[in-house]
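Here is the structure we will look at.
We number each residue from 1, following the sequence as shown. Keep in mind it's a predicted model, so treat the numbers as computed, not measured.
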Amino acid sequence: MKLFDDIIISKIDLDRTSQNGKEICDLYQPLVEKRLKQAMNTPFNSASFVMFSENKKGGNSSEVKLLDRLSWIDDQTGSYIRNVLKIQKKDKTIGEFLKWKCFYGLSDREISNKIQKDERTVRRYKARAYYYLAVYSNQVEFISVSYTHLRAHETVL
């Protein structure tokens with residue numbers, strides 16, 4: 001998934017941006033989990049029951065529909081859920097990692113079992129997943145160029 005051109009990427013601090021994504025995940029995970037539990041404990045009326053009935057054939061389980069419905073809520077948590085779902089549509093493996101990590105707080109080992117990938121593969125995707133989450137959440141860190149560094153460079157010239 002290509003988010004920026006090479007010129008912009010060269011100006012992004014990838015490590016700090018990934019760290020921002022991890023912090024976003026850590027911040028919102030308990031909020032999403034709480035919202036999911038509340039929604040699952042809410043009694044369904046007949047229309048809701050039809051909407052959230054399980055349909056594994058099309059890949060639309062009740063959980064997926066519930067997450068989609070929670071993403072419609074117009075607040076920061078809803079926006080966060082939308083971002084993860086958008087990433088999941090663009091890159092399935094990274095999106096699945098983010099879903100299990102940032103919605104349910106699972107460990108790398110538990111995620112590797114859920115998505116049926118090796119634990120090393122999950123760890124390899126982690127930094128990129130957090131990077132995408134930071135980008136979609138407008139938390140990109142750019143490399144800062146200090147004024148003193150520029151002045152020293154001018155003096156040499």
Side-chain angles (χ1 to χ4, degrees), residues 1-6 8-10 12-142:
M1 174 167 47
K2 188 112 168 137
L3 298 173
F4 298 112
D5 64 19
D6 293 336
I8 298 292
I9 287 176
S10 69
I12 294 175
D13 185 332
L14 299 176
D15 292 334
R16 286 182 56 198
T17 299
S18 292
Q19 183 59 36
N20 287 351
K22 182 181 181 338
E23 290 170 4
I24 292 166
C25 179
D26 293 343
L27 176 68
Y28 280 98
Q29 188 277 320
L31 300 172
V32 173
E33 192 170 13
K34 180 180 177 183
R35 195 170 276 186
L36 276 168
K37 284 179 183 175
Q38 287 174 340
M40 290 182 139
N41 290 331
T42 302
F44 294 118
N45 63 31
S46 60
S48 297
F49 182 75
V50 171
M51 181 176 175
F52 294 120
S53 66
E54 200 155 329
N55 177 10
K56 294 276 187 188
K57 184 178 174 187
N60 294 325
S61 69
S62 58
E63 170 199 350
V64 170
K65 289 186 179 196
L66 187 57
L67 283 168
D68 188 48
R69 179 73 177 130
L70 291 176
S71 74
W72 296 352
I73 299 170
D74 195 22
D75 65 1
Q76 288 179 328
T77 306
S79 177
Y80 169 76
I81 293 169
R82 273 191 308 277
N83 289 338
V84 173
L85 295 177
K86 285 178 193 174
I87 294 168
Q88 191 174 23
K89 287 180 183 174
K90 292 191 180 287
D91 188 311
K92 185 159 178 62
T93 304
I94 287 175
E96 285 293 305
F97 168 81
L98 288 173
K99 178 180 110 177
W100 293 112
K101 186 66 160 186
C102 299
F103 292 169
Y104 301 101
L106 299 183
S107 68
D108 292 349
R109 175 168 288 154
E110 292 168 321
I111 293 169
S112 72
N113 291 333
K114 289 277 189 189
I115 65 174
Q116 298 174 346
K117 300 241 186 236
D118 186 56
E119 192 174 343
R120 257 187 8 229
T121 303
V122 169
R123 278 192 234 118
R124 193 177 63 214
Y125 278 96
K126 193 187 310 193
R128 195 170 350 151
Y130 288 144
Y131 169 79
Y132 289 156
L133 184 59
V135 168
Y136 274 77
S137 301
N138 296 319
Q139 296 298 316
V140 175
E141 289 280 339
F142 289 93

How long is the gap from [atom1] on [X] to [atom2] on [Y], to the nearest 0.5 Å?
{"X": "Thr77", "Y": "Arg82", "atom1": "OG1", "atom2": "CZ", "value": "10.5 Å"}
{"X": "Tyr104", "Y": "Glu110", "atom1": "OH", "atom2": "CD", "value": "13.5 Å"}
{"X": "Arg128", "Y": "Asp91", "atom1": "CZ", "atom2": "CG", "value": "7.0 Å"}
{"X": "Ile81", "Y": "Leu31", "atom1": "CD1", "atom2": "CG", "value": "9.5 Å"}

Checklist entry - Does the pair Lys22 and Cys25 meet the rule for a side chain to side chain contact (heavy atoms under 4.5 Å, CB included), with working shown? => result CA-CA 5 Å; Lys22 182 181 181 338; Cys25 179; 5.5 Å; no
Quiz: residues 92-99 side-chain donor-acceptor pairs under 3.5 angstrom, not counting sequence neighbours:
residue, atom, partner, partner atom, Å
Glu96, OE1, Trp100, NE1, 3.3
Glu96, OE2, Gln88, NE2, 2.3

Next on the checklist: According to salt bridge (charged side-chain N to carboxylate O under 4.0 Å, His left out), who are the partners of Glu119, at least two apart in sequence or on a separate chain?
Outcome noted: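 If we apply the salt bridge (charged side-chain N to carboxylate O under 4.0 Å, His left out) test to Glu119, skipping adjacent residues, the hits are Arg109, Arg123.
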Checklist entry - How about Tyr132 and Asn83: do any of their side-chain heavy atoms sit closer than 4.5 Å? => result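 No, too far: nothing below the 4.5 Å cut-off.
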Next on the checklist: I'd like to check Glu33 versus Pro30 (side-chain heavy atoms, cut-off strictly below 4.5 Å). Are they in contact?
Outcome noted: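 Not touching, per the 4.5 Å side-chain cut-off.
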Between [X] and [Y], which heavy-atom pair has the shortest distance, and what is it?
{"X": "Gln139", "Y": "Thr17", "result": "O-CG2, 4.3 Å"}
{"X": "Ile24", "Y": "Tyr80", "result": "CG2-CE1, 3.7 Å"}
{"X": "Asp108", "Y": "Val122", "result": "O-CG1, 4.1 Å"}
{"X": "Leu133", "Y": "Gly21", "result": "CD2-O, 3.4 Å"}
{"X": "Tyr136", "Y": "Lys86", "result": "CE2-CB, 3.9 Å"}
{"X": "Tyr130", "Y": "Ser18", "result": "CB-O, 3.2 Å"}

Checklist entry - Would you find a donor on one side and an acceptor on the other, under 3.5 Å apart, between the side chain of Lys101 and the backbone of Leu106? => result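 Yes.
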Next on the checklist: Looking at Gln38, I'd like to know if its CD atom is crowded, meaning that more than 12 non-hydrogen atoms belonging to other residues, nucleotides or ligands lie closer than 6.0 Å.
Outcome noted: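 Yes - once you tally the heavy atoms of other residues, nucleotides and ligands closer than 6.0 Å, there are more than 12.
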Item to check | Pair Ile111-Lys126, side chain to side chain contact (heavy atoms under 4.5 Å, CB included): steps then yes or no | outcome: CA-CA 11 Å; Ile111 293 169; Lys126 193 187 310 193; over 6 Å; no
